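What you see is a predicted model, and the numbers here were worked out from it, not measured in a lab. A, B, ... follow the sequence lines: proteins, then strands. Residue 1 opens every chain.
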Protein chains: 2
Amino acid sequence: MGFAETFKALSDPVRRDILVLLKDGRLPAGEIGSHFNMTGATISYHLGILKNAGLVFESREKNFIYYELNTSVVEEVMLWLSELKGENYHVKEE
Amino acid sequence: MGFAETFKALSDPVRRDILVLLKDGRLPAGEIGSHFNMTGATISYHLGILKNAGLVFESREKNFIYYELNTSVVEEVMLWLSELKGENYHVKEE
DNA sequence: TCAGTATTTAGAAAAATTTCTAAATACTGA
DNA sequence: TCAGTATTTAGAAATTTTTCTAAATACTGA
């Protein structure tokens, strides 16, 4: 669950689209899948990779499994990149 | 040369190590290669991917090809991530 | 309990990536 | 010009990734 997994997870366009989809809140796996022209099994595979990378977490409720963006890991990636640039960055408060 | 290439380029640990190596300034291909236990051909392959992704540029001088980090593309990736988080970020001046 | 819905797992095929060796290109300086 | 150095390109093997179908698991509500 280090940077290796996280960057690998971010390298696929389907997985990035999933993250964008989750930007506004959590969604169940089926709802996520309905936005793609792929089988549920494939979406499940991608969700597994995102989860393993720490980029999302899941929560079970009723008959659904909800996925939610983990912004703190996104933040960590940004920090790594900002160190690469050799500059600091600052999250705007409020 | 969109995000697809850039994220793919960032997904390999060797390529990320190359970028870190270039953090402090440009280096010729051979010098970069000397830090890895791989053939020059393989390093050349990775440099080509980084160049194609816009993450580095090259400049020829004497008998060497120098590679240099392109921080503006790193910045673009950070912006994409910050939009994902739904927050702004701010580069510290000075 | 049980039929139905939501999702994942297993296994396999197809495609993409990483690495190597060998050969080619490009430039330097004598 | 030419031998030498730096780097890339070509082609192939090994590995990893993505996707599918079919089957399994898990939970719901009647």
Query raised in the report: Does one hydrophobic cluster hold both L47(A) and F57(A), with members joined at side-chain heavy-atom distances below 4.5 Å?
Result: no
Query raised in the report: Nearest 0.5 Å, what's the CD1-OG1 distance between I49(B) and T6(B)?
Result: 12.0 Å
Report task. Using atom CD of E31(A) as one end and atom C1' of dA6(C) as the other, report the distance to the nearest whole Å. Result -> 13 Å
**Report entry** Distance, rounded to the nearest Å, where K8(A) contributes NZ and dT18(C) contributes P
**Finding:** 6 Å
Report summary line: Checking dT18(C), dT8(D), dT17(D) against the side chain of Y45(A) (C-beta onward), the nearest is dT17(D)
Report task. Quickly work out the H46(A) NE2 to dT18(D) C1' distance and round it to whole Å. Result -> 6 Å
Query raised in the report: What is the nucleic acid contact for F36(A), judged by heavy atoms within less than 4.0 Å: base, sugar-phosphate only, or nothing?
Result: nothing
Requested in this report: Let me see the working for F36(A) and L21(A) under side-chain contact (heavy atoms from CB on, under 4.5 Å), right down to the final yes or no.
Outcome: CA-CA 11 Å; F36(A) 299 89; L21(A) 223 43; 3.9 Å; yes
Query raised in the report: Nearest to the side chain of P28(A) - dT8(C), dT7(C), dT28(D)?
Result: dT7(C)
**Report entry** dT19(D) phosphate, OP1 or OP2, under 4.0 Å from T39(A) side-chain N/O
**Finding:** no
Query raised in the report: Step by step, would you call L10(B) with L10(A) a side-chain contact (heavy atoms from CB on, under 4.5 Å)?
Result: CA-CA 9 Å; L10(B) 287 169; L10(A) 286 169; over 6 Å; no
Query raised in the report: Is any side-chain N or O of S44(A) closer than 4.0 Å to OP1 or OP2 of dT8(C)?
Result: yes
Query - Consecutive Watson-Crick or G-U pairs in runs of at least 3, all under 3.5 Å, in which DNA chain C is involved - result: C:1-30 with D:1-30
Report summary line: Among the nucleotides dT5(D), dA10(C), dT18(D), whichever has the atom closest to the side chain of N63(B) is dT5(D)
Report task. Answer yes if Y66(B) and L19(B) sit in the same cluster of Ile, Leu, Val, Met, Phe, Trp and Tyr residues linked by side chain heavy atoms under 4.5 Å apart, and no otherwise. Result -> no
Query raised in the report: Which one, dT18(D), dT19(C), dA6(D), comes nearest to the side chain of V14(B)?
Result: dT19(C)
Report task. Give one of base, sugar-phosphate or nothing for G40(B), where a contact means two heavy atoms less than 4.0 Å apart. Result -> base
Query raised in the report: Checking all strands, does A41(A) fall into the base, sugar-phosphate, or nothing category for heavy-atom contacts under 4.0 angstrom?
Result: base
Query raised in the report: Within this structure, what is the CZ-to-P distance between R60(B) and dA6(D), rounded to whole angstrom?
Result: 15 Å
Query raised in the report: With respect to the side chain of L47(A), which nucleotide from dT9(D), dT19(D), dT8(C) is positioned closest?
Result: dT8(C)
Query raised in the report: Atom CD of E5(A) and atom C1' of dT16(D): how far apart are they, to the nearest Å?
Result: 14 Å
Query - Note, R16(B) side chain near W80(A) side chain (heavy atom, < 4.5 Å) - result: yes
Query - Interatomic distance, I32(B) CD1 vs dT8(D) P [rounded to whole Å] - result: 9 Å
Query raised in the report: Could you state the CG-C1' distance from D17(B) to dT18(C), rounded to the nearest angstrom?
Result: 15 Å
**Report entry** Test item: L50(A) and N70(A) side chains (from C-beta on) under 4.5 Å apart, heavy atoms
**Finding:** no
Query raised in the report: If you look at every strand shown and take non-hydrogen atoms under 4.0 Å, does Y66(B) touch a base, only sugar-phosphate, or nothing?
Result: nothing
Requested in this report: Verify the cluster assignment for Y67(A) and M38(A): are they in a single hydrophobic cluster under the rule of side-chain heavy atoms below 4.5 Å apart?
Outcome: yes
Query raised in the report: To the nearest angstrom, how far is Y67(B) atom OH from dT7(D) atom P?
Result: 8 Å
